[in-house]
Number of protein chains: 2
Amino acid sequence: MSAQTRPENARPRLSRERVLQGAMAVADAGGLAALTIRSIAQELDVKPMSVYHHVANKDAIVDGIVDLVFSEIELPTPGKDWQAEIRRRSVSAREALRRHPWAIQLLQSRTHPGPATMRHHNAVIGTLRQGGFSVAKTAHAFALIDSYVFGFALSEAALPIHGPETVPGVAAQMLEGFDPNEFPHLVEFSVAHILQPGYDFGAEFGYGLTLVLDALA
Amino acid sequence: MSAQTRPENARPRLSRERVLQGAMAVADAGGLAALTIRSIAQELDVKPMSVYHHVANKDAIVDGIVDLVFSEIELPTPGKDWQAEIRRRSVSAREALRRHPWAIQLLQSRTHPGPATMRHHNAVIGTLRQGGFSVAKTAHAFALIDSYVFGFALSEAALPIHGPETVPGVAAQMLEGFDPNEFPHLVEFSVAHILQPGYDFGAEFGYGLTLVLDALA
DNA sequence: CTATGCGGACGTACTAAGTACGGTAAGTAC
DNA sequence: GTACTTACCGTACTTAGTACGTCCGCATAG
């Protein structure tokens, strides 16, 4: 029998793509702290040092998975209605960052954008320019929109809330050790809003996005 | 001679406060990666394990310095003109995060707010409420403003730019390895705006802040 | 078929970091 | 003085990133 292919039950060959996908799976499951060379190797059913045949070092892996996240964001189409296109891309970006919250804190430290990141920025800028924005206005709009989108994702990820049922416990824990009378506005806000049934911070996103896009128009 | 006081040239006693100040100095100087127990100890002229007599673990140090950053933000005063007060606090917040850019990526993972953080949130919410915002509108405004402020700080910190003279080199490095024709909008934007003398991303902050505050009014 | 070369996977081991555990010395209360 | 407390430190264990060298299996040359 020819040995040109591996036995069916063998794992496929390692590759840069498989390393990055494995790394993303690890980060999704356990957060950035769980992302170690050893955990990635285990996820891929391989020994740690094998990973290094496909990526230079851990930083390259991190750069790679950040670009993977950008590749999940729907690109706006330059030439079409800018407001609708930017809205679609913003909603998509927020969803991507919700799926991969660990990516947010990496956005800051990564200075080696990958191809998906470049395509993304190019498409956003092109959509604004062809939507009638001058170069200077494009800069304003780009800064405002992305600050809002990424900032919202940051706030959302900072909330230790995973499902409505966890809200009361978290709120109680945050206030524990403090005198409630010292923070009357915070207490009123918690009781009258956050602790109400049906509270969902994520719903705020659309409200702010509409306000921002209208303000730019 | 009495030994009730240490010799003059001796370092002062360690304390939780000195540990946090030392940790902040280390982070300011070398970023989060440089923040290790050993580096903090060296900064304080002490051995590593001595630090642990004043803080429970490294996480407690991180929680502590995040709260220190919040303590540097000017609080808005409930009852006064909300727009002016929120603007002052937002400008102050952005400046604090520029002094301590490492704090941004920590905002996300910290779920144990300190007293300064609580005071800050309380003051912001109080200012909005007494500015005439309903509880629901306060939630909208709070989410929008803070998303913008923190998101802007995140974007600003993500730029590997430290002074105008470094811009061309960074831009060149980012495009290196890519075909410029693939990203025409990005190239136009870079050439026509970013590479112009006097370009300063930070100046965008005020523009977006005004737009956001006006939209809320 | 055998020999040979190459590249992917791996074993070992070094360094740095967090921190558990117990020791020691200086101060404090009586 | 004696006993207790507090602050500081020495040692050592564990987990991480990764440099270095080895081995094995496949592909191609002969």
Side-chain angles (χ1 to χ4, degrees), chain A residues 1-23 26-27 29-66 102 105-106 109-110 112, chain B residues 1-27 29-66 102 105-106 109-110 112:
Chain A
M1 144 173 20
S2 144
Q4 73 189 15
T5 57
R6 301 184 150 240
E8 319 239 339
N9 55 351
R11 57 204 180 187
R13 289 278 281 271
L14 221 48
S15 66
R16 179 186 150 85
E17 280 62 42
R18 287 197 63 234
V19 168
L20 293 183
Q21 281 163 11
V26 169
L32 266 196
L35 189 72
T36 69
I37 298 292
R38 290 167 224 268
S39 67
I40 297 169
Q42 193 170 20
E43 167 82 19
L44 297 169
D45 195 20
V46 138
K47 302 291 171 173
M49 287 313 291
S50 307
V51 170
Y52 281 95
H53 273 269
H54 303 275
V55 295
N57 50 37
K58 193 181 172 181
D59 258 26
I61 296 178
V62 171
D63 284 339
I65 59 177
V66 168
W102 42 265
Q105 58 200 140
L106 294 181
S109 44
R110 297 299 110 188
H112 285 138
Chain B
M1 122 173 40
S2 147
Q4 73 189 15
T5 56
R6 301 181 151 241
E8 317 240 341
N9 55 353
R11 60 212 176 178
R13 288 280 279 269
L14 221 48
S15 66
R16 179 185 151 85
E17 280 62 41
R18 288 196 61 233
V19 167
L20 294 183
Q21 281 163 11
M24 193 148 168
V26 169
L32 265 195
L35 189 73
T36 69
I37 297 291
R38 289 168 222 266
S39 66
I40 298 169
Q42 193 169 20
E43 167 82 19
L44 297 169
D45 195 21
V46 138
K47 302 292 170 163
M49 287 312 291
S50 307
V51 169
Y52 282 96
H53 273 267
H54 302 276
V55 296
N57 50 36
K58 192 180 172 180
D59 259 25
I61 296 178
V62 171
D63 284 339
I65 59 178
V66 168
W102 43 264
Q105 58 200 139
L106 294 180
S109 46
R110 297 298 111 189
H112 285 137

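Quantities reported herein were computed from a predicted structural model and do not represent experimental measurements. In what follows, chains are A, B, ... by sequence order, proteins preceding strands, each numbered from 1. No hydrogens, no waters, no symmetry mates; every other heavy atom, side chains included, goes into these values.
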Original post:
Minimum heavy-atom separation for S39(B) to A34(B), with atom names?
Top reply: OG-O, 2.7 Å
Original post:
What closest approach, in Å, do G22(B) and L44(B) show between heavy atoms, and which atom pair accounts for it?
Top reply: CA-CD2, 4.1 Å
Expressed as a whole number of angstroms, how long is the span from [X]:[atom1] to [N]:[atom2]?
X	N	atom1	atom2	answer
K58(A)	dT15(D)	NZ	P	16 Å
M49(B)	dT6(D)	CE	P	18 Å
H53(B)	dT5(D)	NE2	C1'	12 Å
N57(A)	dT18(D)	CG	C1'	9 Å
Y52(B)	dG18(C)	OH	P	6 Å
I40(B)	dC8(D)	CD1	C1'	16 Å
Q42(B)	dA16(C)	CD	C1'	14 Å
D59(B)	dT19(C)	CG	C1'	13 Å

If you round to the nearest 0.5 Å, how far is [atom2] of [Y] from [atom1] of [X]?
X	Y	atom1	atom2	answer
R18(A)	E43(A)	CZ	CD	9.5 Å
S50(B)	I40(B)	OG	CD1	12.5 Å
I65(A)	L106(A)	CD1	CG	6.0 Å
R38(A)	K47(A)	CZ	NZ	12.0 Å

Please confirm whether the shortest side-chain N or O distance from [X] to OP1 or OP2 of [N] is below 4.0 Å.
X	N	value
S50(A)	dG8(C)	no
K47(A)	dA9(C)	no
H54(B)	dC8(D)	yes

Let me check something: any side-chain donor-acceptor pairs from residues 51-59 of chain B under 3.5 Å, sequence neighbours excluded? List them with distances.
unit_1	atom_1	unit_2	atom_2	d
N57(B)	OD1	D59(B)	N	3.2
N57(B)	OD1	A60(B)	N	3.0
K58(B)	NZ	L35(B)	O	2.7

**OP:** Quickly, which of D63(A), V62(A), V66(A) forms a side-chain contact (heavy atoms from CB on, under 4.5 Å) with H112(A)? Name it, please.
**Re:** D63(A)
Subject >> Axis bend over the full length of the helix from dC1(C)-dG30(D) to dC30(C)-dG1(D), computed from five pairs that close each end, to 10 degrees >> reply: 10°
Original post:
Heavy atoms, side chains only, cut-off 4.5 Å: are I61(A) and I37(A) in contact?
Top reply: yes
**OP:** Taking only heavy atoms on the protein side, list every residue of residues 31-39 of chain B lying under 4.0 Å from any atom of DNA chain D, sorted numerically.
**Re:** none
